[in-house]
Asker: 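This is the structure, below, for whatever I ask next.
Chain letters run A, B, ... following the sequence lines, proteins first, then strands; residues in each count from 1.
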There are 2 protein chains.
Amino acid sequence: MLEFRLVQGSLLKKVMEAIKDLVTDANFECSSTGFSLQAMDSSHVALVALLLRSEGFEHYRCDRNLSMGMNLNNMSKMLKCAGNDDIITIKADDGGDIVTFMFESPSQDKISDFEMKLMDISSEQLGIPESEYQSIVRMPAAEFQRICKDLSSIGDTVIISVTKEGVKFSTRGDIGSANIVCRQNTSVDKPEEATVIEMKEPVSLTFALRYMNSFTKATPLSNSVSLSMSSDLPLVVEYKIADMGYLRFYLAPKIEDEEEQS
Amino acid sequence: MLEFRLVQGSLLKKVMEAIKDLVTDANFECSSTGFSLQAMDSSHVALVALLLRSEGFEHYRCDRNLSMGMNLNNMSKMLKCAGNDDIITIKADDGGDIVTFMFESPSQDKISDFEMKLMDISSEQLGIPESEYQSIVRMPAAEFQRICKDLSSIGDTVIISVTKEGVKFSTRGDIGSANIVCRQNTSVDKPEEATVIEMKEPVSLTFALRYMNSFTKATPLSNSVSLSMSSDLPLVVEYKIADMGYLRFYLAPKIEDEEEQS
DNA sequence: ACCAGAGCGA
DNA sequence: TCGCTCTGGT
């Protein structure tokens, strides 16, 4: 038996909005410590990792580890039926092949429950090592989203270069080229809006903007985003989920001079 | 060498939004006194004329006259990457075929530069004589926009008739007909919202609403618009750009009883 | 607080 | 491709 109650149900809605375009089916791994998901995107280029710790739930019960295979599009459809202020409860029986989503309106005047069939999904739960990164940039999530959107009107790939002074996003396309430089900037009133560069070594890596723009669908989850980069590791784009965990996206850099694959 | 710095960058963004649907390619003529553009729309029916005087820029340098041929759609894409509060600087070298747009965020924490290839565009720079008009109407730009939009849901052409009392906009279509009369009205608190008729002789002219609706894309540039009309001259629709110049649209009247051309 | 433009979903 | 919803600007 498994039962989670999440008062801030909109969190779950935002998480689904952020990943459902990238991943169609995935196993939710439930254990006593929390609720997690790992999945490659459909073209097997990017990896999505979600963690929601049990402490973030108002009520969390998980008698034994359970892997729930869900079609994320269908799950997303159901979560769209929850109001933004609704309390969401997720339930499943240990042996069953059904998950139940329950939505309670804040006033308790409307209680909905939705049942969804679970699926068998073969997935290798990859152990992702926590690595040291040559550079980590933290910046306002909205600004990162804007930069990725703007650059994709010019080109297909972005070169992210980190130096002590700041981070530079560059692209080039048929109509011209673009460089956007963000200075380190910690003096801002709100720490949420700071741009912080932790640089051990400068890096300069190239990524497909298409994936970046998918990742930034997670912008509503957090005020800030962090980009962790090393020359021989996948980029990690992380959105912290307040008091609960994170949503991370991993993307391998493009090898330079090989930008012709669509 | 040429370099303009425009603190109110949103002006340039609005200008581009206003003309890019009408004109695809145009030469920007730069001289020591300012920055201007003249171009026919793609169907060679309407003419767009822009003037931005050098005094309106915070910094303006133009060593020698330069004609920069730009694809306005591409330029517009780049300007969309500027924030509304950004300071925009435009730079070009005398011999080069490149123009650079630089955007500085108000906080100076984000600096972007975009490079665009210039094009060779053959254009006859027409000398447009300043004429005397039989009637000039000045009215709130938003009101004019609303009238053109409303009338185009009824008919394809508008008859603008000016008398001492006011200006009448009429149309007729399959579903019926419409007349909108605006009285002269200078008593309003804000002179911006006045409707002023300067009539030497009454006029009544017919225009294609399709073009009118394109022209009113310039509405965000100014609170008021002026319509200058004579029976044997093109209509001039002018939006003043505060302290800098104007954006004008010229459109020949339709000959009556010849409204079948789409 | 209202209106308009952009992005997303059907 | 059209309509709806959401976000941003006035």
Asker: For each nucleotide in nucleotides 2-10 of chain D, reading 5' to 3', give B when a protein heavy atom comes within less than 4.0 Å of its base, S when such contact involves only the sugar-phosphate, and - otherwise.
Answerer: -------S-
Asker: Return a table of donor-acceptor pairs under 3.5 angstrom between the side chains of residues 12-20 of chain B and protein atoms on other chains or two or more places apart.
Answerer:
from    : atom 1 : to      : atom 2 : distance (Å)
B:Lys13 : NZ     : B:Ala82 : O      : 2.5
B:Glu17 : OE1    : B:Lys20 : NZ     : 3.3
B:Glu17 : OE2    : B:Ser76 : OG     : 3.4

Asker: If the sugar-phosphate is the primed atoms plus P, OP1 and OP2 and the base is the rest, what is the B/S/- string for nucleotides 2-10 of chain C, using protein heavy atoms under 4.0 Å?
Answerer: -----SSS-
Asker: With sequence neighbours excluded, what pairs up with A:Lys91 under the salt bridge (Lys or Arg N to Asp or Glu O under 4.0 Å) test?
Answerer: none
Asker: Tell me, please, which residues at least two apart from B:Asp109 pass salt bridge (Lys or Arg N to Asp or Glu O under 4.0 Å).
Answerer: A:Arg183
Asker: Apply side-chain contact (heavy atoms from CB on, under 4.5 Å) to B:Leu47 and list each qualifying residue two or more places apart in sequence or on a separate chain.
Answerer: B:Met40, B:Ala49, B:Leu126, B:Ile128, B:Tyr250
Asker: What residues form a side-chain contact (heavy atoms from CB on, under 4.5 Å) with A:Lys110, not counting sequence neighbours?
Answerer: A:Ser105, A:Ser112
Asker: Salt bridge (Lys or Arg N to Asp or Glu O under 4.0 Å) with B:Arg5: which residues, sequence neighbours excluded?
Answerer: B:Glu58, B:Glu104
Asker: Listed by chain and number, what are the salt bridge (Lys or Arg N to Asp or Glu O under 4.0 Å) partners of A:Arg248, not counting sequence neighbours?
Answerer: A:Glu130, A:Glu238
